Amino acid sequence: MNRTDEGRPAGTGRTDRARPGAPAYAVVIPTLARDTLADCLAALAAAHGPRPEEIVLVDDRPDPEPDALEHPLTVLGELRARTAVLTSGGRGPAAARNTGLRAVTTPWVAFLDDDVQVGPHWCEQLTQDLSEAGTDTGAVQGVIAVPLPGERRPTDWERGTAGLARARWITADMAYRTDALEQVAGFDERFTRAFREDADLALRVLDAGWRIRQGRRTTRHPVRPADRWVSLRAQRGNADDALMLRLHGPDWWHKAVAPRGRIRSHLAVTAAGAAAPQPHIALGGYRRGLDGVTGQGDAPATTPGLLNKDGWYLLDDTPSALYDTATRKVTTRPAHNGQPYQDGYVFGYGHDYKQGLTDLATLTGPPALLPRWAYGVWYSEYIDRTAADYEDTILPAFRSEGVPLDVLVTDTDYKAVNNWSGWEIDTGKFPDPKGFFDWSAAQGLHNTLNVHPSILASDPQFARAQATAKGKLTKGGCASGASVENNCHTFDFGDPDQLRAYLDLHRTMDEQGNDFWWLDWCCDSSQSSLPGVTPDAWINQQYAGLTGETLGRGFVLSRAYGSLQAGGYSGQQALPTGPWADKRTTVHFTGDTSSTWGTLKLEVGYTPGESAATGMAAVTHDIGGHNDTTGLTGSETYTDGGQTRTTHKLPDDLYARWVQFGAFQPIDRLHSNHSDRLPWQYGAQARKSADAFLNLRENLVPYTYSLAEEANRTGVPIVRPTYLEYPDEPEAYTTAGGEYFYGSDVLVAPVTTPGTTATTSVWFPPGRWTDYFTGKTYQGGTTQDITTSLDTMPVFLRAGGILPTRTHDVTADDKAPLTDVTLTVAAGAPGTTSLYEDDGEAASGRARSATTTIRYAESGGRHTLTIGPAKGSFPGQVKDRRWTVSVVGAEPPTRVTAAGLRLPSHAYRWNATTHTLTITLPHHSTHTPLTVTYQ
């Protein structure tokens with residue numbers, strides 16, 4: 001849109017010009033294209049006074065039909081020229097308002113609901129309200145009038161709507177200073193309903209030091225018609241109340257001046273003769289770990305979690321203690337004078353399983369967003385390593401092979417005094433610990449060290465630890481590796497003194513440069529005596545807080561959901577307090593499995609099943625398994641008990657297929673127990689395959705990181721069972737053990753049978769699907785046999801799916817700004833994706849970020865890809881980017897354009913074998929849009 005130097009659209013006959021010095025403002029209206037929208041816009045167009053510089057209409061329907069907005073837009077008259085229509089993907093009013101906020105450029109933005117009607121002098125009054133606002137005023141609220149029927153008593157619904165006239169801070173008509181919104185990062189999109197998102201925002205604005213005042217302008221809020229289910233929809237707002245409690249403390253009701261309900265119990269009534277309900281069948285499940293799993297016989301038992309096929313779940317929180325986020329103290333629940341008492345939350349989601357997971361995240365907290373580098377490639381091995389090994393042999397081999405590496409995991413043998421429970425780095429192996437960590441950082445690497453929760457009395461750190469613990473460390477209960485002197489002690493994490501002593505043991509190595517910790521609580525009898533708290537969740541949270549002091553986004557690599565005492569090394573015994581907290585802090589290390597085809601097959605279905613049951617987004621398996629079962633001779637020697645031994649290795653086909661599986665897991669962590677896991681330790685075919693898929697994993701980081709942010713924002717995990725995406729397809733339930741989704745658009749069916757060539761049965765959901773590697777298309781609603789050699793695996797893009805990846809291989813994510821991105825697009829249907837970026841490490845909720853929306857559409861033989869401008873900014877953001885567009889399942893092009901200019905034939909390539917059109921574009925500003933078409 002061209003603008004004159006007065007800041008208004010050129011060529012418009014504006015009736016009410018802004019007075020000199022009058023504050024400029026924009027209007028943002030989220031909408032579901034209801035019938036009320038036309039009246040809302042008509043009232044705005046008729047209002048007297050200085051007009052808004054911009055109007056942003058945000059269509060929040062999941063699949064918007066543009067024609068539905070044509071009539072409402074016509075009533076705007078001259079304001080139509082300054083109106084933009086955006087979409088927010090059905091993510092709720094908070095997300096819709098943020099979408100509008102990111103589009104405006106004025107110092108003030110007024111939010112209106114699409115069912116209100118502003119008064120005849122609203123523009124004049126708003127301008128006056130803003131002119132009178134002091135420099136410390138962050139928002140000015142409008143006056144809401146709700147007309148009620150005069151001939152009868154109002155209904156409950158009508159009275160509830162009338163309460164808006166007395167409500168504080170509602171966004172039915174609320175003007176915010178743009179600087180204030182940017183300071184608090186806008187609306188919290190975890191509020192997915194129009195209920196508490198406005199109060200949360202206002203409290204955060206007030207906490208940031210701004211004032212909110214009442215204005216004079218008046219807006220009419222008619223009562224919308226209500227149907228029979230309106231009360232049930234209203235009750236879903238209880239999840240918002242739970243989130244408000246977690247974010248703002250138990251007195252948030254008072255701060256927000258929010259009325260509390262009076263009805264303590266409810267009665268459900270159903271029709272006589274109605275069909276019996278469906279069986280309460282659990283979907284997915286969880287275990288503390290897969291320790292000891294061999295892949296033979298029946299699958300190990302799991303504990304059911306949130307999702308059930310009949311669409312409801314009762315989360316019984318009665319056994320849980322109360323946690324004060326301000327003091328970080330745990331207290332037991334009130335005794336209620338010995339009377340029966342139960343605290344529960346009923347989730348009713350039907351087959352909208354994603355909504356169930358979103359509600360779970362709202363109530364119990366979202367999955368952690370890890371630093372970006374954590375989604376790259378990890379190398380771990382239980383074998384005695386030294387600084388020289390890493391610096392002179394291992395990393396140079398990675399570099400020579402052209403294989404990326406982001407995280408070094410050093411297992412237990414680095415420790416001094418005792419290689420199981422020592423608390424200092426052995427300077428015989430790492431002569432200069434700080435120097436080693438500094439070297440790692442210079443190479444773009446991040447480090448984690450393995451720890452076991454025990455300490456010997458002969459450890460140099462013991463005296464200080466026992467003193468801090470006030471003499472309460474308990475002798476005995478240690479693993480065999482720490483019991484050689486019969487003077488090993490364990491900890492009670494529930495005792496504040498012992499917890500402090502335990503955490504202090506880590507601080508020297510943190511100061512030397514270790515990034516985060518791997519808590520291997522497999523065998524030592526440390527415990528948490530806190531009643532009502534899951535021990536794993538408690539200690540994992542302490543680790544996240546500890547590493548957060550230096551890392552920003554603190555987390556821990558650990559088992560989850562229980563305790564060693566509850567289930568032992570290989571048990572799965574769940575605890576009454578449930579699995580709900582770990583996802584906020586933990587990369588779930590699933591433990592020590594055996595290296596078999598059966599274990600690989602089990603893990604294919606386990607990851608999505610656990611994620612769906614608990615909301616955990618970061619599940620990590622030992623890629624290649626832990627315990628050798630083959631006896632095949634490996635390539636390295638090591639010393640054990642004074643004897644020289646040789647490592648083992650996997651069969652080439654099993655190694656290659658396990659590495660392929662890892663490329664499409666939340667965390668890709670190569671690991672073993674003295675067994676080869678590096679590509680150059682295998683034959684030519686397996687080596688080539690592993691090289692390619694480890695590089696693919698690294699190149700997928702932009703996509704994986706965007707999925708991780710989506711998980712943090714919505715509760716929907718990175719790896720998803722098929723029934724999460726297609727809940728009404730029977731096959732989605734029967735095939736969930738053999739295939740899964742990596743995000744919404746990528747279907748993955750890992751190979752779990754031996755052979756350099758293998759055939760995998762794949763069920764294709766409705767629609768069209770394109771093989772990511774070959775370009776071959778498949779019709780949905782079918783099951784087909786897919787044959788792959790070691791250089792490919794069954795991975796398919798949904799028609800309209802857009803997969804952003806790095807264009808070029810890199811050595812590590814930290815050392816490679818995202819300057820070149822390939823967008824792989826599956827032709828056949830429209831689609832949208834978002835590329836999320838931030839500084840990679842700032843604590844969640846404080847990171848500055850940018851989001852690029854990418855859309856693909858087809859119409860009459862014309863194919864259009866639109867890359868939107870990056871919305872937002874952050875330190876280190878690239879200013880220019882070179883995009884490569886790869887359309888798979890395409891037809892030969894006759895004309896290709898970019899930014900309105902026809903491209904010469906050398907700017908694109910057509911591959912007739914794979915039906916792939918590849919378009920390489922010149923460098924382009926990340927903050928300006930770009931449109932590519934072909935026909």
Side-chain angles (χ1 to χ4, degrees), residues 62-63 90 192 277-287 299-315 347-361 367 579 583 588 601-617 619 661 664-666 707 710-711 714-750 752 760-769 778-784 786 794-801:
D63 298 300
T192 58
Q278 298 181 37
H280 198 55
I281 300 174
L283 297 174
Y286 65 93
R287 293 174 60 97
T302 59
T303 300
L306 174 74
L307 297 188
N308 291 274
K309 196 172 181 181
D310 60 346
W312 70 273
Y313 178 75
L314 173 62
L315 192 160
F347 290 77
Y349 40 75
H351 276 182
D352 191 354
Y353 302 133
K354 290 183 179 179
Q355 184 62 56
L357 287 163
T358 297
D359 291 342
L360 179 69
K583 64 182 180 295
H588 184 202
K601 183 177 182 179
L602 169 73
E603 291 174 352
V604 170
Y606 180 82
T607 303
E610 177 186 315
S611 294
T614 67
M616 174 71 76
V619 180
F661 167 70
F664 293 92
Q665 285 291 286
L707 295 179
E710 180 184 355
T714 69
V716 179
I718 297 170
V719 169
R720 308 168 184 181
T722 43
Y723 50 78
L724 208 64
E725 295 294 333
Y726 290 89
D728 296 322
E729 298 295 324
E731 292 86 353
Y733 299 89
T734 59
T735 60
E739 58 189 75
Y740 57 83
F741 278 89
Y742 199 64
S744 290
D745 294 328
V746 180
L747 177 66
V748 184
T752 58
T760 305
S761 178
V762 178
W763 169 68
F764 291 99
R768 194 176 91 163
W769 300 85
Y778 297 87
Q779 189 58 43
T782 64
T783 299
Q784 304 201 35
I786 308 299
V795 176
F796 308 90
L797 289 182
R798 187 204 311 259

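Nothing here was measured: the structure is a model prediction, and the numbers come from that model. Residue numbers start at 1 and run along the sequence shown. As a basis for the values below, the full set of heavy atoms in this structure was taken, side chains included, without hydrogen atoms, waters or symmetry mates.
Under the 3.5 Å distance criterion, with hydrogens and angles disregarded, no donor-acceptor pair is assigned to the side chains of Thr783 and Glu731.
In this structure, Ile718 and Ala617 approach most closely via the heavy-atom pair CD1-O, 4.0 Å. Taking every heavy atom of both residues into account, Val762 and Pro794 meet most closely at CG2-CB, 4.3 Å. Here the closest heavy-atom approach between residue Ala301 and residue Arg287 is recorded as O-NH1, 2.8 Å. Of all heavy-atom pairs spanning Gln665 and Thr607, the tightest one is OE1-OG1, 2.7 Å. The two atoms that bring Tyr742 and Val719 nearest to each other are CD1-CG2, 3.7 Å, heavy atoms only. Of all heavy-atom pairs spanning Gly284 and Thr302, the tightest one is O-OG1, 4.5 Å.
The side chain to side chain donor-acceptor pair (under 3.5 Å) search around Glu603 returns Trp658, not counting sequence neighbours. Evaluation of the side chain to side chain donor-acceptor pair (under 3.5 Å) rule for Thr782 yields Gln784 as partners, not counting sequence neighbours. In this structure, the salt bridge (charged side-chain N to carboxylate O under 4.0 Å, His left out) partners of Glu725, at least two apart in sequence or on a different chain, are Lys354, Arg720, Arg798.
Using a 4.5 Å heavy-atom threshold, the side chains of His588 and Tyr286 count as separate. Side-chain contact check for Phe661 versus Thr752: every heavy-atom pair is 4.5 Å or farther apart. Side chains of Thr358 and Val716 form a contact here, defined as non-hydrogen atoms less than 4.5 Å apart. Between Val746 and Leu797 there is a side-chain heavy-atom pair separated by less than 4.5 Å. Contact of the Trp312 side chain with the His280 side chain is registered, since non-hydrogen atoms from C-beta on lie closer than 4.5 Å. Between Tyr733 and Pro727, some side-chain heavy-atom pair lies under the 4.5 Å cut-off. Between Pro721 and Leu283 there is no side-chain heavy-atom pair separated by less than 4.5 Å. In this structure, Pro750 and Phe664 have side chains that are not in contact, with every pair of non-hydrogen atoms separated by 4.5 Å or more.
In this structure, Ser611 OG and Leu306 CG are separated by 12.5 Å, a value rounded to the nearest 0.5 Å. Put simply, OH on Tyr726 and OG1 on Thr735 are 11.5 Å apart, with the number rounded to the nearest 0.5 Å. To the nearest 0.5 Å, atoms OG1 (Thr722) and CD (Glu729) are separated by 10.5 Å. In this structure, OH in Tyr313 is found 10.0 Å from CG in Leu307, a value given to the nearest 0.5 Å. To the nearest 0.5 Å, the span separating CG on Leu360 from OG1 on Thr614 amounts to 8.0 Å.
Ring orientation note: the planes of Tyr353 and Tyr349 are nearly perpendicular, at an angle over 60° on the 30°/60° scale. Ring-plane geometry between Phe796 and Tyr778 is classed as perpendicular, the angle between the planes exceeding 60 degrees on a 0 to 90 degree scale with a lower cut at 30.
Under a 3.5 Å cut-off, the side chain of Glu739 and the backbone N or O of Leu747 do not form any donor-acceptor pair.
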